[in-house]
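For this chain, numbers begin at 1 and follow the sequence in order.
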Amino acid sequence: MAELTAHDRQWLHKFIDEADEEMISRIIAFANGNIHTFELTEEELKEMNEEDAAYDRGGLKTYKWEDIKDMATGKKKMDEL
């Protein structure tokens, strides 16, 4: 792991001072290895279920792994696929 600089530590302290309690709770859970401690809101759950249903119907655009890599590296844009 890379060593933290004084600037990194200052940034982290400022972030913690300004972050809301939910964000800090999530960071602590992540740091402790409890990354599955959050719950979806009703709206998030509804959206996820709608997207799952759309995927099952074939109504969502999907991409091949090579296309994803090309988009991530800037070789292609989503509208080119």
Trainee: Short question: side chain of Asp70, backbone of Asp67 - any donor-acceptor pair under 3.5 Å?
Mentor: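 No; judged by distance alone, with no hydrogens or angles, the pair does not exist.
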Trainee: Around Tyr63, counting heavy atoms of other residues, nucleotides and ligands shown, do more than 12 lie under 6.0 Å from its OH?
Mentor: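 Check passes, neighbour count above 12.
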Trainee: With rounding to the nearest 0.5 Å, note down the distance linking CD1 in Ile27 to CD in Glu22.
Mentor: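 Ile27 atom CD1 to Glu22 atom CD measures 11.0 Å (nearest 0.5 Å).
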Trainee: Could you see if Trp11 belongs to whatever hydrophobic cluster contains Leu4? Use Ile, Leu, Val, Met, Phe, Trp, Tyr and a side-chain cutoff under 4.5 Å.
Mentor: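 Trp11 and Leu4: separate clusters.
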Trainee: Work out which heavy atom in Asp8 is nearest to a heavy atom in Glu3; give both atom names and the distance.
Mentor: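 Scanning both residues, the minimum pair turns out to be OD2-O, 4.4 Å.
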Trainee: Please report the closest heavy-atom contact between Leu60 and Glu51, naming both atoms and the distance.
Mentor: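 In terms of heavy atoms, the two residues are closest at CD1-O, 3.3 Å.
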Trainee: More than 12 foreign heavy atoms under 6.0 Å from CE of Met48: is that the case here?
Mentor: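 Counting other residues, nucleotides and ligands, CE of Met48 exceeds 12 neighbours.
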Trainee: Kindly compute the distance separating CG (Asp52) from CD (Glu47), expressed to the nearest 0.5 Å.
Mentor: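 The CG atom of Asp52 sits 11.0 Å away from the CD atom of Glu47.
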Trainee: Does a salt bridge link Glu66 with Lys69, judged by any charged N lying under 4.0 Å from a carboxylate O?
Mentor: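 Judged by the 4.0 Å cut-off on N to carboxylate O distance, Glu66 and Lys69 do form a salt bridge.
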Trainee: Would you find more than 12 non-hydrogen atoms of other residues, nucleotides or ligands less than 6.0 Å from Glu18 atom CD?
Mentor: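 Check passes, neighbour count above 12.
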Trainee: If you look at every heavy atom in Ile16 and Ile24, which pair is closest and at what distance?
Mentor: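 So the minimum-distance heavy-atom pair works out to O-CD1, 3.5 Å.
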Trainee: Output yes when Glu42 and Lys46 qualify as a salt bridge under the 4.0 Å nitrogen-oxygen rule, no when they do not.
Mentor: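 Judged by the 4.0 Å cut-off on N to carboxylate O distance, Glu42 and Lys46 do not form a salt bridge.
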